[in-house]
Amino acid sequence: MEKFYVTTPIYYVTAKPHLGHAFATIVADILARWNRILGKEVFFLTGTDEHGTKIEKAAREAGKTPKEFVDEVANMYMGAWKALDISYDKFIRTTDEEHEKAVSEFVRLVWDNKDIYKGVYEGWYCVPDETFIADFEVKDGKCPECGRDVQRVKEDAYFFALSSYKEDLLRIFEENPDFVKPNSRLNEIVKILKGTLRDLDITRKSVTWGIPFEPDKEQTVYVWFDALINYISALGWPNGSKFTEFWPADVHIVGKEISRFHAVIWPAMLLSAGIDLPKTILVHGWWTVEGKKMGKSLGNAVNPIDLSKKYSVDALRYFLVKEKSIWEDGDFSESGLVSRINGELLADLGNLVARVLTLAEKFKGKIDGKAEIADNLNMSRIMELFDGYDINGALNEIWAFVRSINKYINDTEPWKLDGPRLGTVLNNSLEALRIISILLYPFMPSTSESMQAQLGIKLGTINDCKFGTFNGKVKRGKNLFDKIVTA
Ligand SMILES: [Zn+2]
């Protein structure tokens with residue numbers, strides 16, 4: 001059976017799940033569900049990143065031990081993903097014992113390959129961002145990211161010989177133009193690589209909330225080096241059978257702020273350890289909310305769970321994918337969400353299902369007849385868009401099909417028909433709804449389920465997305481979507 005392995009970033013537990021996290025996780029869920037109905041065996045990984053000074057600090061401020069603190073926030077993420085219908089196969093935490101063991105083993109391999117050496121780290125450090133900042137980026141002693149004071153740090157540290165992988169990485173990017181998607185992000189990464197690539201400090205003496213660095217127990221492994229290894233430790237690397245089955249990953253979904261870690265540092269680490277590279281790093285764009293940048297420190301994070309309760313999980317999932325292409329930035333607004341619910345989910349889909357099922361329930365004749373609208377569905381285009389991870393393009397293509405069925409109903413006016421002609425129009429319309437229920441499954445799983453319940457059918461696979469004779473048992477249920485009335 002063909003395999004598909006998709007990952008989200010593991011989220012750093014100083015922030016509660018916000019819309020940005022929800023977006024990346026929903027994108028991964030859509031790819032996982034799509035590949036399941038393609039008939040592949042899927043492994044979908046998400047989780048939390050739980051080490052480092054920022055977490056020690058956040059725990060202290062909350063009056064908790066780091067362990068109590070990370071347990072609480074990890075539970076919050078699991079709850080959020082349950083609420084948003086996220087069908088992950090594994091939730092990894094970097095404080096899991098199997099992960100910590102894998103990190104030590106990874107360090108051993110890189111050490112044995114002589115890619116780790118001792119040096120002195122000196123530089124500016126932003127504690128809340130947990131980021132070392134280059135001298136030229138610091139302005140008036142402030143962090144360029146958050147504007148807070150930076151600290152001068154000087155201590156013994158171990159370095160990973162990242163710079164020695166520069167040529168290998170450039171060659172890999174050249175040979176695999178899809179290694180980073182979209183292409184514009186790949187070009188940025190290549191530009192960074194062609195500049196000065198410095199070795200990476202991978203341990204900290206001053207950080208205690210981390211995985212011990214085995215070659216020198218006074219040090220802990222730097223949080224980024226630790227975190228990236230989750231993608232293989234979750235599969236039970238080095239000995240787990242899941243690792244043999246699912247690695248290399250088909251796609252790591254990451255935000256653009258962490259693309260450098262995934263496209264430069266992670267592949268170099270894998271090269272050093274002698275492990276195959278992932279196939280694609282998919283870099284998504286950012287969301288602003290009502291025109292403002294999102295984030296905990298800016299205090300305007302919208303809560304995706306509240307939104308999903310107020311509207312519906314599926315409406316939120318639909319909006320986030322329909323509103324923009326995944327690699328571009330976009331703006332979230334509640335009015336935009338409402339307008340897509342009323343103008344698309346209800347007007348195009350909900351009403352269509354209600355109209356067709358009402359007619360079909362009343363009709364006493366035989367529902368069959370030749371396919372008249374098979375050409376409205378461009379399956380090969382949908383497959384191609386999914387293959388290129390353009391799920392916004394795929395949803396647009398599916399929606400064009402939904403709209404074409406509305407047009408078919410308006411053109412044929414089945415409410416004026418009877419007999420075999422009505423049987424044919426109903427057969428085409430019901431078959432179209434059945435196919436739509438399969439195609440929308442990755443995006444809106446409960447809407448898809450509700451359509452199938454009303455059509456009296458079971459979820460099929462992609463192979464079932466072709467017109468035939470409808471053989472469900474129609475029973476109209478409650479409306480898929482209700483009109484949102486705003487004051
Ligand atoms: Zn900062």
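First listed ligand is number 1; within each ligand, the first listed atom is number 1.
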Which protein N, O or S atoms lie under 2.8 Å from the Zn ion (ligand 1)? C126 SG, D129 OD2, C143 SG, C146 SG
Cation-pi, Y222 ring and R204 (6.0 angstrom, 45 degrees): yes
Partners passing ring-ring contact (aromatic ring centres under 6.0 Å, His included) against F173 (at least two apart in sequence or in another chain): F179
Pairwise ring pair (Phe, Tyr, Trp, His ring centres under 6.0 Å) hits with a residue in residues 196-216, at least two apart: H51-W209, Y158-F213
So, Y11 and T25: side-chain donor and acceptor under 3.5 Å apart, yes or no? yes
Is it possible for you to check whether K142 lies under 6.0 Å from the centre of the six-membered ring of W124, through NZ or CZ, and within 45° of that ring's axis? no
Residues in ring-ring contact (aromatic ring centres under 6.0 Å, His included) with Y311, at least two apart? none
